[in-house]
Asks: 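Have a look at this one.
What you see below is based on every heavy atom in this structure, not just the backbone, and it leaves out hydrogens, waters and symmetry mates. Heads up: numbering here begins at 1 and tracks the sequence.
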Amino acid sequence: MKERYDVVIVGGAVIGSSIAYHLMQSADFNGSVLVVERDPSYAQASTSLSASGIRVQYSNPINVKVSQYGLEVIRNFAETMQVGSDKPDLNFHSGGYLYLARSAEQAQTLREAHEVQIACGADVVLWTRDELAEAFPHLRVEDLQLASYGRSGEGWFNNTGLMYGFRNKARDLGADYVTDSVVGIGRDGGRVTSITLASGQVVKAGTIVNASGPRAALTARMAGLDVPIEPRKRTLFVFDCAQTPEGSARVNDGRLPLMIDPTGVWCRPEGKYFLAGGVPEDDRAVDWDDFEPRYAEFEDQIWPALAERSPQFEAIKVVNQWAGHYAYNTLDHNMIVGRHPEVENFIFANGFSGHGLQQGPATGRAVAELIAYGEYRTLDFSEVGYERVVEGRPFLEKAII
């Protein structure tokens with residue numbers, strides 16, 4: 001590790017490692033990069049504990065295009081991230097996402113989002129109740145008004161594979177990684193100047209990138225800045241079915257999608273089992289080290305919604321569960337990416353609110369462009385910049401899970 005780096009990235013999971021990779025592979029960036037990661041096992045990283053999905057069914061074109069680039073990266077990942085003889089296979093499952101609308105308001109939201117998605121070239125269809133029943137005969141559809149289904153370009157994949165692929169390739173291209181914690185950030189007026197590590201070392205920095213996930217507010221405070229990010233707990237449940245509906249679909253070779261019920265409860269196939277989750281009824285900030293699953297959510301919230309939606313989900317049994325953290329943006333539940341307007345060499349890549357894994361590739365490219373060129377060259381992230389935090393102006397996105 002050197003005494004000074006052109007770019008220091010605080011956080012080395014999928015966001016930080018994607019930024020490091022995109023910088024190091026850029027022909028127009030010849031600087032040095034240091035990534036500081038407090039836990040190289042990534043055991044409690046949001047990346048590792050996520051549901052590992054990617055979708056294009058958003059209501060804002062930026063989010064649609066961000067996922068489209070993410071899918072492009074995922075499809076070419078093995079070749080692009082090859083290091084030596086290692087070609088990381090992300091095992092992408094093209095299962096699609098299925099949104100169900102019960103109320104007239106929910107149906108209208110799907111229609112409006114569908115117009116955005118189609119304008120961006122997404123392969124998404126709207127189905128009536130009868131069309132839904134034909135495609136997925138295991139579902140009870142009597143209470144539904146409309147459904148939105150992604151025929152391609154959506155699914156799930158190896159979450160840690162994406163992170164380690166970016167990390168290993170970034171290191172192969174010359175980025176340095178260090179296992180340590182940032183405990184201080186030096187600042188001289190309108191510029192940050194250095195980081196102080198828990199080990200005692202001070203490293204000078206030309207640019208500092210905050211990619212510290214649910215701990216983003218702690219990192220920002222070290223520089224005398226604020227960002228509205230807090231850890232919100234999400235418990236995921238793996239369950240077995242007495243009679244599995246997987247294989248019964250009349251689309252996509254029988255494979256079931258990730259289904260989002262009107263209640264907000266969702267589930268998808270996970271090998272021979274299913275993975276499920278939802279938004280907790282008591283969704284408040286938790287301690288950064290609180291990863292105890294909320295076991296009661298399955299009986300109180302998850303199972304009742306699934307059993308009402310399908311008779312195959314009436315007889316199910318939990319076989320595993322874990323809790324992870326959303327890096328939750330309390331302003332509008334969407335990413336905050338870009339420079340601080342007054343401290344311009346401090347860059348945010350935070351607040352993904354559960355979408356960081358799928359938005360990691362495009363975020364890495366965007367931040368790398370901002371550093372290398374001083375502007376965005378491919379997809380303009382200005383609408384999700386920090387300025388909206390200062391102005392209290394939410395970035396509207398209706399398709400939030």
Side-chain angles (χ1 to χ4, degrees), residues 13-14 41-55 89-98 100 136-140 154-164 231-249 252-283 286 289-326 354-358 401:
V14 70
S41 75
Y42 298 101
Q44 294 181 339
S46 297
T47 299
S48 305
L49 300 172
S50 74
S52 315
I54 185 166
R55 60 185 168 100
D89 183 2
L90 298 185
N91 194 25
F92 178 68
H93 292 266
S94 183
Y97 275 58
L98 176 68
L100 305 179
F136 303 112
H138 73 290
L139 295 178
R140 294 188 177 107
E154 298 183 322
W156 46 95
F157 56 94
N158 184 333
N159 50 359
T160 55
L162 185 73
M163 174 181 64
Y164 280 115
R232 297 277 186 97
K233 189 190 294 186
R234 294 292 183 269
T235 302
L236 302 185
F237 298 91
V238 179
F239 66 85
D240 194 10
C241 288
Q243 292 183 320
T244 180
E246 176 69 336
S248 67
N252 201 25
D253 298 323
R255 291 175 295 190
L256 296 181
L258 189 152
M259 178 191 72
I260 303 96
D261 191 71
T263 61
V265 170
W266 59 267
C267 77
R268 68 161 173 82
E270 177 71 2
K272 68 176 183 177
Y273 301 115
F274 283 83
L275 183 67
V279 180
E281 294 178 359
D282 182 18
D283 190 19
V286 298
D289 296 314
D290 178 6
F291 288 90
E292 182 68 17
R294 291 184 172 127
Y295 300 97
E297 282 183 16
F298 188 81
E299 292 292 333
D300 296 344
Q301 182 180 356
I302 307 296
W303 177 76
L306 294 179
E308 183 179 347
R309 187 54 55 206
S310 171
Q312 273 78 15
F313 290 147
E314 292 177 358
I316 59 179
K317 178 180 67 175
V318 174
V319 297
N320 193 18
Q321 63 274 304
W322 67 87
H325 287 171
Y326 272 12
H355 306 134
L357 192 66
Q358 60 189 290
I401 301 177

Asks: Using the test side-chain contact (heavy atoms from CB on, under 4.5 Å), find all partners of Leu236 that sit at least two apart in sequence or belong to another chain.
Replies: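 For Leu236, the residues satisfying side-chain contact (heavy atoms from CB on, under 4.5 Å) (neighbours in sequence not counted) are Ala51, Trp266, Leu275, Trp322.
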
Asks: Among residues at least two apart in sequence or on other chains, which ones pass side chain to side chain donor-acceptor pair (under 3.5 Å) with Ser48?
Replies: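 Partners of Ser48 under the side chain to side chain donor-acceptor pair (under 3.5 Å) test: none.
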
Asks: Locate the shortest heavy-atom distance separating Tyr273 from Val238; write the atom from each residue and the value.
Replies: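 Heavy-atom minimum between the residues: CB-CG1, 3.7 Å.
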
Asks: Kindly say whether Thr47 contributes a backbone atom to a donor-acceptor pair with the side chain of Asn159 at under 3.5 angstrom?
Replies: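 Answer holds: yes.
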
Asks: For residues 295-305, which residue pairs pass the side chain to side chain donor-acceptor pair (under 3.5 Å) check, not counting sequence neighbours?
Replies: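 Those involving residues 295-305 are Glu292-Tyr295.
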
Asks: Checking Glu246 now: which residues fulfil salt bridge (Lys or Arg N to Asp or Glu O under 4.0 Å) with it, not counting sequence neighbours?
Replies: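 If we apply the salt bridge (Lys or Arg N to Asp or Glu O under 4.0 Å) test to Glu246, skipping adjacent residues, there are no hits.
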
Asks: Is the shortest side-chain heavy-atom distance between Asp283 and Arg232 below 4.5 Å?
Replies: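 Result yes, sub-4.5 Å side-chain heavy-atom pair found.
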
Asks: Can you name the residues that form a ring pair (Phe, Tyr, Trp, His ring centres under 6.0 Å) with Tyr42, not counting sequence neighbours?
Replies: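 Scan of Tyr42 (ring pair (Phe, Tyr, Trp, His ring centres under 6.0 Å), adjacent residues dropped) gives Tyr164.
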
Asks: When rounded to the nearest 0.5 angstrom, what is the spacing between CG in Asn158 and NE2 in His93?
Replies: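 One finds 9.0 Å between CG of Asn158 and NE2 of His93.
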
Asks: Quick check on Gln243: does its CD atom have over 12 non-hydrogen neighbours (other residues, nucleotides or ligands) under 6.0 Å away?
Replies: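 No.
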
Asks: May I ask you to establish whether Arg234 and Tyr326 are in a cation-pi arrangement, using a distance under 6.0 Å from NZ or CZ to the six-membered ring centre and at most 45° from the ring axis?
Replies: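 That pair qualifies as a cation-pi contact.
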
Asks: For residues 252-260, which side-chain donor-acceptor pairs fall under 3.5 Å, sequence neighbours excluded?
Replies:
residue	atom	partner	partner atom	Å
Asn252	OD1	Arg255	NH2	2.9
Asn252	ND2	Ser94	O	2.8
Arg255	NE	Asn252	O	3.2

Asks: I'd like to check the side chain to side chain donor-acceptor pair (under 3.5 Å) partners of Ser50; sequence neighbours left out, ordered by chain and number.
Replies: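 Partners of Ser50 under the side chain to side chain donor-acceptor pair (under 3.5 Å) test: none.
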
Asks: Does Asp290 have any side chain to side chain donor-acceptor pair (under 3.5 Å) partners at least two apart in sequence or in another chain, and if so, which?
Replies: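 For Asp290, the residues satisfying side chain to side chain donor-acceptor pair (under 3.5 Å) (neighbours in sequence not counted) are Lys233.
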
Asks: Which atoms form the tightest heavy-atom contact between Val319 and Asp240, and what is the distance?
Replies: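 Shortest heavy-atom separation between Val319 and Asp240 comes out as CG1-CB, 4.1 Å.
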
Asks: Please confirm whether the backbone N or O of Thr235 pairs with a side-chain atom of Arg294, one donor and one acceptor, at under 3.5 Å?
Replies: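 A pair under 3.5 Å: no.
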
Asks: Taking only residues two or more places apart in sequence or in another chain, which ones pass side-chain contact (heavy atoms from CB on, under 4.5 Å) with Val318?
Replies: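 Phe237, Phe298, Gln321.
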
Asks: When the side chains of residues 304-313 are checked against the rest of the protein, which donor-acceptor pairs come out under 3.5 Å, sequence neighbours left out?
Replies:
residue	atom	partner	partner atom	Å
Arg309	NE	Asp261	OD1	2.7
Arg309	NH1	Arg140	O	2.6
Arg309	NH1	Asp143	OD1	2.8
Arg309	NH2	Asp143	OD2	3.0
Arg309	NH2	Asp261	OD1	3.3
Ser310	OG	His138	O	3.1
Ser310	OG	Gln312	N	3.2
Ser310	OG	Gln312	OE1	3.3

Asks: List for me each residue that meets side chain to side chain donor-acceptor pair (under 3.5 Å) alongside Gln44, sequence neighbours excluded, and say none if there are none.
Replies: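 Partners of Gln44 under the side chain to side chain donor-acceptor pair (under 3.5 Å) test: none.
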
Asks: Rounded to the nearest 0.5 Å, how far does OG of Ser52 lie from CD of Gln358?
Replies: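 OG of Ser52 is found 10.5 Å from CD of Gln358.
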
Asks: Within this structure, what is the CZ-CZ distance for the pair Phe274 and Arg268, rounded to the nearest 0.5 Å?
Replies: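 Between atom CZ of Phe274 and atom CZ of Arg268 there are 10.5 Å.
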
Asks: Within the side chain of Ser248, is there an N or O that forms a donor-acceptor pair under 3.5 Å with the backbone of Pro245?
Replies: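 Pair found, side chain donor or acceptor close to backbone of Pro245.
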
Asks: Kindly give the heavy-atom pair with the smallest separation between Tyr97 and Ile54, and that separation in Å.
Replies: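 Distance-wise, the nearest heavy atoms are CE1-O, 3.4 Å.
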
